4 protein chains.
Amino acid sequence: MINQVTLVGRLTKDPELKITQDGTAVANVTLAVSRNYRNSNGEIETDFVQCTLWRKTAENTVQYCRKGTIIGITGRIQTRSYENHEGRKIYVTDVVADNVRFLSSKPQEKEKEEKSEKPIAAGQA
Amino acid sequence: MINQVTLVGRLTKDPELKITQDGTAVANVTLAVSRNYRNSNGEIETDFVQCTLWRKTAENTVQYCRKGTIIGITGRIQTRSYENHEGRKIYVTDVVADNVRFLSSKPQEKEKEEKSEKPIAAGQA
Amino acid sequence: MINQVTLVGRLTKDPELKITQDGTAVANVTLAVSRNYRNSNGEIETDFVQCTLWRKTAENTVQYCRKGTIIGITGRIQTRSYENHEGRKIYVTDVVADNVRFLSSKPQEKEKEEKSEKPIAAGQA
Amino acid sequence: MINQVTLVGRLTKDPELKITQDGTAVANVTLAVSRNYRNSNGEIETDFVQCTLWRKTAENTVQYCRKGTIIGITGRIQTRSYENHEGRKIYVTDVVADNVRFLSSKPQEKEKEEKSEKPIAAGQA
DNA sequence: TTTT
DNA sequence: TTTT
């Protein structure tokens, strides 16, 4: 079957790197994607799409992007469900990225003091 | 910004037409989209993606498709939130269709007894 | 059937508006889309994709973009063929845009002297 | 930059496997993708999109598909040019596949006599 | 609260 | 929990 997504939008926050139990780098970000048309009140609405980035893609995004950076993501929609502490079933939908492109004109590299201690070296760029 | 989705999958149920307060036809369907690779247990997982179809697209899908029909959808990811009766904020993500294609080899027309009473005639096909 | 394209790239030239015989505005542009990986020589190659924009989409692109502007296009691949003056069949492939987004950080409006004489007013923006 | 294509259409011919000089399997196919609307003469037109498949993707397509099979392709548009024997520059556009899905209801395996001699075993499926 |  |  086919499941293909392309998004261009702005990061709603500075992205943060997490490490899973088995040592894999991951970043969960939200993309603010404004619509191309106005609603009945003349406003431009925005969709806030949750995205999951893995490995190098996560590391590079954390290193080179921050709140407000425009990025392009290609990937697929993923759904899953879990039971919360009240025993209620919660459904989650997000976009798992295959690829991320940095589209802001000047994605100035962030200068974070902890940079040299980053858990995984950032190779590629 | 850009927000573009393409899905091909199977309807998990017979689609049903609803009519909004202002008289617009709408259908909420779930597409079962199996992945193209096996997980670490050797299984093929499936994403269940909620989709919203409007007007003719809704009407035609209800008329020509049923549980198990393979359809292709192009559209965009939409997010919204509301407060449930407990005052908890609920986040909802679905795909709003621009276009639907019927891809099953023999999408035999359904013979439903209530067909002649359908609230809106199904034109296009 | 499904035919869906998303491109983000730079205009290779200042776009120009043409008017067809029946009075429709059209612009033919080429998008330079650099690839996300290096070839065996360590170089980043670029695809030069021909795109056709119609009506308001053409007019707005001509008004707000110039050589080098980053734009996003969604649309479909179109193929056609014709015989050239030597009787040889020529095959042409381009992308017909449904939608164009201006993604350069500062798409400063062009100040062209002939602006006030533009054949069709540019509404929307 | 972003360059993302999704196509669903029918193979215009039985696909054939070729082997490049360095031993890589490749198949060049054309997808007939009918449009979702009628032109001014009430006809449904069709785009014939050239696609290039590599390695396992090529091998599986050759093994499991034939003329008329409906397949889904995700990939990117690729452009290149060369000079023909008359010194004229020829521009070529095709879609390089990342992924291929077989969507015909009954993609019966082809029984070709040369099957056991296939240059590269077809694993995956 | 899932399709083949 | 939202970006410009």
Side-chain angles (χ1 to χ4, degrees), chain A residues 1-3 7-16 27-36 43-51 61 65-73 77-84 87-94 102-107, chain B residues 1-3 7-16 28-36 43-51 61 65-73 77-83 88-95 102-107, chain C residues 101-107, chain D residues 101-107:
Chain A
M1 300 292 143
I2 293 176
N3 183 340
L7 298 171
V8 175
R10 310 189 96 100
L11 290 172
T12 61
K13 285 190 182 173
D14 285 2
E16 285 175 35
N28 296 288
V29 305
T30 300
L31 266 197
V33 184
S34 58
R35 298 185 190 162
N36 302 351
E43 298 156 346
I44 300 236
E45 290 178 275
T46 297
D47 294 291
F48 294 94
V49 185
Q50 308 254 86
C51 302
T61 301
C65 303
R66 50 176 52 186
K67 183 175 170 176
T69 301
I70 297 177
I71 68 176
I73 284 184
I77 296 176
Q78 177 177 77
T79 61
R80 59 186 206 280
S81 64
Y82 64 93
E83 285 204 2
N84 71 3
R88 195 194 306 276
K89 208 157 188 182
I90 306 292
Y91 294 89
V92 182
T93 299
D94 65 354
F102 308 146
L103 297 170
S104 280
S105 50
K106 292 187 195 66
Chain B
M1 299 293 144
I2 292 175
N3 183 341
L7 298 170
V8 175
R10 309 189 97 100
L11 290 172
T12 61
K13 285 190 183 173
D14 285 2
E16 284 175 36
N28 296 288
V29 304
T30 301
L31 266 196
V33 184
S34 59
R35 298 184 191 165
N36 302 351
E43 299 155 347
I44 299 237
E45 290 178 276
T46 297
D47 294 291
F48 294 94
V49 185
Q50 309 254 83
C51 301
T61 302
C65 304
R66 49 177 54 185
K67 183 174 172 177
T69 301
I70 298 178
I71 68 175
I73 284 184
I77 295 176
Q78 178 178 75
T79 61
R80 59 184 206 280
S81 64
Y82 65 93
E83 286 203 3
R88 195 193 306 276
K89 208 157 190 182
I90 307 292
Y91 294 88
V92 182
T93 299
D94 65 354
V95 170
F102 308 145
L103 297 171
S104 280
S105 51
K106 292 186 194 67
Chain C
R101 302 299 326 239
F102 309 145
L103 297 171
S104 280
S105 51
K106 290 187 195 68
Chain D
R101 303 297 330 238
F102 308 145
L103 297 171
S104 279
S105 50
K106 291 186 195 68

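These values consider heavy atoms only, across backbone and side chains, with no hydrogens, waters or symmetry-generated copies. Within every chain, numbering begins at 1; the chains are lettered A, B, ... in the order of the sequence lines, protein sequences first and strands thereafter. Bear in mind the structure is a predicted one, so any value in this text is a computation, not a measurement.
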What is the nucleic acid contact for Ser34(A), judged by heavy atoms within less than 4.0 Å: base, sugar-phosphate only, or nothing? nothing
Among dT1(F), dT4(F), dT3(E), which is the nearest nucleotide to the side chain of Lys67(B)? dT3(E)
Across the strands shown, which category fits Lys13(A) at heavy-atom distances under 4.0 angstrom: base, sugar-phosphate, nothing? nothing
Distance, rounded to the nearest Å, where Leu7(A) contributes CG and dT3(F) contributes C1': 14 Å
Nearest whole angstrom, please: distance from the C1' of dT2(E) to the CG of Leu31(B). 11 Å
For Ile71(B) and dT2(E), what is the distance between atoms CD1 and P respectively, to the nearest whole Å? 19 Å
Side chain of Thr12(A): nearest nucleotide among dT3(E), dT3(F), dT2(E)? dT3(F)
Between dT1(F) atom P and Asn28(A) atom CG, what is the distance in whole Å? 17 Å
Distance check needed: dT2(E) C1' versus Arg35(B) CZ, whole Å only. 14 Å
Less than 3.5 Å between a donor and an acceptor, one on the side chain of Thr30(A) and one on the base of dT1(F), is that the case here? no
Between Thr46(B) and Met1(A), is any pair of side-chain heavy atoms under 4.5 Å apart? no
Under 3.5 Å, side chain of Thr93(A) to main-chain N/O of Thr79(A), donor-acceptor pair present? no
Tell me, please, which residues at least two apart from Glu83(A) pass side chain to side chain donor-acceptor pair (under 3.5 Å). none
For Gln50(A), check side chain to side chain donor-acceptor pair (under 3.5 Å) against everything at least two apart and list the hits. Thr30(A)
In whole angstroms, the gap separating P of dT4(E) from CZ of Phe102(D) amounts to 22 Å
Atom CD1 of Ile2(A) and atom P of dT4(E) are separated, to the nearest Å, by 19 Å
Side chain of Ala32(B) (C-beta onward), nearest among dT4(F), dT3(E), dT2(F): dT3(E)
Mind checking Ser81(A) for me? I need base, sugar-phosphate or nothing, with any heavy atom below 4.0 Å counting as a touch. nothing
Any idea which of dT3(F), dT3(E), dT1(F) is nearest the Thr46(A) side chain? dT3(F)
Heavy atoms from C-beta onward define the side chain here; which of dT1(F), dT3(F), dT2(E) lies closest to that of Phe48(A)? dT3(F)
Between P of dT3(E) and CD1 of Ile70(B), the distance in whole Å: 14 Å
For the student: nearest non-hydrogen atoms of Gly72(B) and Leu103(B), plus distance: N-CD1, 3.8 Å
